[in-house]
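First comes the structure, then the notes that go with it.
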Amino acid sequence: MEKRRSVAFHTLGCKLNYSETSTLSRMLENDGFEKKEFDDLADVYVINTCSVTDNADKECRQLVRRIQRKSPESLVVITGCYAQLKPKEIAAIPGVDLVLGAAEKFNIGTHLKELAKGDSTKISSCDIEEVSGFNPSFSLNERTRTFLKVQDGCDYNCSFCTIPMARGKSRSDTIENVVQHARELANNNVKEIVLTGVNLGDFGKGFNGNKKHEENFFDLIKELDKVEEIERYRISSIEPNLLTNEIIEFVANSKKFMPHFHIPLQSGSNKILSMMRRRYKRELYAERGSLIKTLMPHCAIGVDVIVGFPGETDEDFDETFNFLHSLDISYLHVFTYSERDNTKALEIKPVVPMQVRHERNKILRNLSYKKMQFFTQQHRGQTRKVLFEDHNKNGMMEGYTDNYIRIAVPYRAAWANEIVDWEI
Ligand code: SF4
C-alpha cells in the first residue's frame with residue numbers, strides 16, 4: 001500500500017490567513033494527506049504568508065532554512081499575500097519548490113500532484129486584477145472561537161496599504177452560504193463565530209467583485225442572528241464609514257452579537273486621514289463611538305491606529321493622542337508606519353524618522369494599557385459571561401467576557417469550550 005503523504009502548515013499574519021490555512025489543511029486531508037505539526041517531520045510544508053508584517057521576507061527565509069536543515073527532501077510551498085506580491089523574490093529563496101498566488105491558493109492539491117523535489121521552482125500566480133471568485137474558509141478545532149471568512153479583497157485605496165494588490169477586488173459569499181456554514185460550525189460544537197473579511201462592512205459584492213448581491217452586511221447579521229444553534233458572534237473589524245447606525249442599534253438589541261466593535265481609526269488628524277485616503281473624518285468616528293456607548297455603555301471598542309505616517313508632525317500626533325484620549329474606548333492596536341512598494345504614501349514627504357515613529361508607538365501603547373485597565377476596572381464586581389477556551393496553558397485557561405475582557409483561571413476541564421458566569 002502506498003504511504004500517505006504528510007503536510008504541515010505555518011501561518012503568518014491575520015485571522016483571515018488562519019481561517020484559510022485551516023481550510024487548505026482540511027482540503028489536503030480530504031485528498032489523503034496526513035496533517036502534522038510544523039515542528040514535526042512532514043513530506044510537504046506550506047507557509048501562508050502576510051504582506052502586512054514588516055519582515056515577511058526575513059521570516060519566510062528563516063522558516064525555509066529551518067525546514068531545509070530538518071528535512072531537506074521535503075517539498076516547500078509558499079502562498080498568501082506576500083507570495084502574490086513578490087513571487088519572484090520568494091522563488092529565489094533556496095529550498096522553495098512552489099509559489100502559489102492568490103488565484104491558485106485553493107488549487108494546492110492539484111499542484112502538489114505534479115510537484116517533485118529537485119524540479120525547478122514553479123511559480124503559479126497571475127495579475128491581481130484577474131483574481132476573482134470567492135473561497136469560503138473557516139478555522140475549526142483549533143480555537144473555541146472560529147473565524148469565518150465571509151468577504152475577501154478590498155476596493156478602497158488607502159495610500160499606505162498593499163492588501164488590495166495582494167487580495168484583489170472586494171468579493172463576498174452569499175448570505176445563504178454563510179448561514180449554512182454557521183449551522184455546520186454549530187454542529188461541530190462551535191460556540192462563537194468571528195465574522196472575518198478584509199473589508200467586512202463592504203459585504204455584498206458578488207463572487208466576481210463587480211456585481212452586488214441584493215444584500216449587504218446588515219442583512220447578513222440579521223440572518224445570522226436567527227441561527228439558534230450559535231451562541232455568540234463577533235464582528236472582527238469594520239470601517240467607521242460602513243458601521244451604520246442601524247448595525248449599531250441591531251447589535252445593541254441582539255443577544256447573539258457581542259457588545260464589542262473593532263473600528264480602525266488610523267489617525268485622529270483630519271489632515272492625515274485625507275492623506276491616507278481614508279473615507280471618513282474624525283468627527284464621524286466620534287459620533288459612531290458615542291452612539292455605541294449610549295446604547296451599550298458596557299461595549300468594548302478596539303481601535304487600530306498608525307503612527308509615523310509621512311507628513312505626520314508633532315502637532316498632528318498630539319491631535320491623534322488627544323482625540324484617542326477623549327474617546328471612550330477600551331484598547332488600541334498600534335502600528336508603526338513602514339514603507340511599502342507601489343503605494344501612494346511613498347510620494348508623501350517628509351518621512352518621519354524611524355526613532356520618532358517608535359517613540360510615538362510607545363506613547364500610544366501606554367495609552368492603550370491605561371484604557372484597557374480603566375475599562376476592566378469599570379466592570380469590577382460585575383458578573384459577565386465568559387467563554388473559556390479548550391487550552392491548558394501551564395495549568396491555566398483563558399476566555400473572554402461578552403465585552404472582550406480577558407479572564408485567566410486555573411484549568412478546569414469542565415469549563416473548556418463552555419460559557420460560564422464569572423465575577424470580574
Ligand atoms: S480599507 Fe484601506 S486599509 Fe483596509 S484593506 Fe482596504 S485599502 Fe487596506
Side-chain angles (χ1 to χ4, degrees), residues 12-16 50-56 81-82 85 154 156-167 197-201 236-243 261-286 288-289 301-327 329-372:
L12 302 166
C14 63
K15 292 165 183 166
L16 210 59
C50 165
S51 65
V52 177
T53 46
D54 240 346
N55 38 13
C81 292
Y82 187 51
L85 288 178
C154 183
Y156 286 15
N157 54 352
C158 302
S159 59
F160 53 83
C161 184
T162 54
I163 293 174
M165 292 177 246
R167 286 198 164 262
V198 172
N199 189 344
L200 194 55
S236 66
S237 172
I238 184 162
E239 291 288 301
N241 50 308
L242 297 174
L243 177 57
F261 287 100
H262 192 94
I263 320 167
L265 169 68
Q266 310 308 17
S267 172
S269 145
N270 280 341
K271 178 190 104 183
I272 300 291
L273 284 175
S274 142
M275 294 197 304
M276 288 175 162
R277 302 193 176 187
R278 302 287 291 165
R279 299 196 179 190
Y280 53 87
K281 291 203 164 66
R282 58 189 241 146
E283 290 74 16
L284 177 120
Y285 195 98
R288 298 290 197 257
I301 302 181
V303 184
D304 286 341
V305 58
I306 297 173
V307 290
F309 186 79
E312 185 187 66
T313 61
D314 286 344
E315 290 72 35
D316 299 328
F317 176 70
D318 287 347
E319 219 186 312
T320 294
F321 179 89
N322 292 331
F323 183 62
L324 288 167
H325 193 266
S326 73
L327 291 175
I329 53 174
S330 327
Y331 63 93
L332 303 169
H333 284 173
V334 187
F335 299 89
T336 300
Y337 171 78
S338 70
E339 284 70 11
R340 291 279 180 268
D341 288 352
N342 302 317
T343 53
K344 281 277 167 207
L346 292 179
E347 294 162 19
I348 305 173
K349 299 281 176 301
V351 298
V352 177
M354 208 31 112
Q355 190 204 338
V356 177
R357 298 185 206 179
H358 290 313
E359 279 160 17
R360 290 178 185 170
N361 184 306
K362 199 168 157 204
I363 293 169
L364 289 193
R365 269 189 293 128
N366 276 336
L367 178 64
S368 177
Y369 179 72
K370 286 190 185 136
K371 290 275 185 194
M372 191 70 224

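Only this structure's heavy atoms are used, side chains among them; waters, hydrogens and symmetry mates stay out. Just so it is clear, the model here is predicted, and its values are computed rather than measured.
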Would you check if the side chain of [X] reaches a backbone N or O of [Y] as a donor-acceptor pair within less than 3.5 Å?
| X | Y | answer |
| --- | --- | --- |
| Tyr280 | Leu273 | no |
| Arg360 | Gly308 | no |
| Lys344 | Arg277 | no |
| Arg278 | Gln266 | no |
| Tyr285 | Ile263 | yes |
| Ser330 | Ile301 | yes |

Please report the closest heavy-atom contact between [X] and [Y], naming both atoms and the distance.
| X | Y | result |
| --- | --- | --- |
| Asn342 | Leu346 | N-CD1, 4.0 Å |
| Met275 | Gly311 | CE-CA, 4.2 Å |
| His325 | Leu367 | CD2-CD1, 3.8 Å |
| Gly197 | Ser236 | N-OG, 4.3 Å |

Can you find a heavy atom in the side chain of [X] that is under 4.5 Å from one in the side chain of [Y]?
| X | Y | answer |
| --- | --- | --- |
| Val351 | Arg357 | yes |
| Val307 | Val352 | no |
| Glu239 | Leu200 | no |
| Pro350 | Pro310 | no |

All side chain to side chain donor-acceptor pair (under 3.5 Å) counterparts of [X], not counting sequence neighbours:
| X | answer |
| --- | --- |
| Asn270 | Glu283 |
| Asp304 | His262 |
| Thr162 | Ser51 |
| Ser267 | Thr320 |

| query | Do you see a donor-acceptor pair shorter than 3.5 Å between the side chains of Asn361 and Arg365? | reply | yes

Output the distance between atom [atom1] ([X]) and atom [atom2] ([Y]), rounded to the nearest 0.5 Å.
| X | Y | atom1 | atom2 | answer |
| --- | --- | --- | --- | --- |
| Ile329 | Tyr331 | CD1 | OH | 10.0 Å |
| Glu312 | Ile348 | CD | CD1 | 11.5 Å |
| Arg340 | Leu85 | CZ | CG | 9.5 Å |
| Met165 | Asp341 | CE | CG | 9.0 Å |
| Ser269 | Phe323 | OG | CZ | 10.5 Å |
| Leu12 | Cys50 | CG | SG | 7.0 Å |

| task | Might you work through the side chain to side chain contact (heavy atoms under 4.5 Å, CB included) test for Met354 and His358, ending with a clear yes or no? | result | CA-CA 6 Å; Met354 208 31 112; His358 290 313; 3.8 Å; yes

| remark: Those residues at least two apart in sequence (or on a different chain) that pass side-chain contact (heavy atoms from CB on, under 4.5 Å) with Cys154 are Tyr156, Pro164, Val198, Asn199

| said: Is the ring pair Phe335/His333 parallel, tilted or perpendicular, if the boundaries are 30 and 60 degrees? | reply: perpendicular

| request: Please test Phe160 against Thr343 for side chain to side chain contact (heavy atoms under 4.5 Å, CB included), starting from the C-alpha separation and ending with a verdict. | output: CA-CA 6 Å; Phe160 53 83; Thr343 53; 5.9 Å; no

| By salt bridge (charged side-chain N to carboxylate O under 4.0 Å, His left out), which residues pair with Lys271, not counting sequence neighbours? | Asp316

| said: Run Phe317 and Leu364 through side chain to side chain contact (heavy atoms under 4.5 Å, CB included) and show every step you take. | reply: CA-CA 10 Å; Phe317 176 70; Leu364 289 193; 3.9 Å; yes

| task | Under the side chain to side chain contact (heavy atoms under 4.5 Å, CB included) rule, what do Lys362 and Val334 come out as? Steps first, then yes or no, please. | result | CA-CA 9 Å; Lys362 199 168 157 204; Val334 187; over 6 Å; no

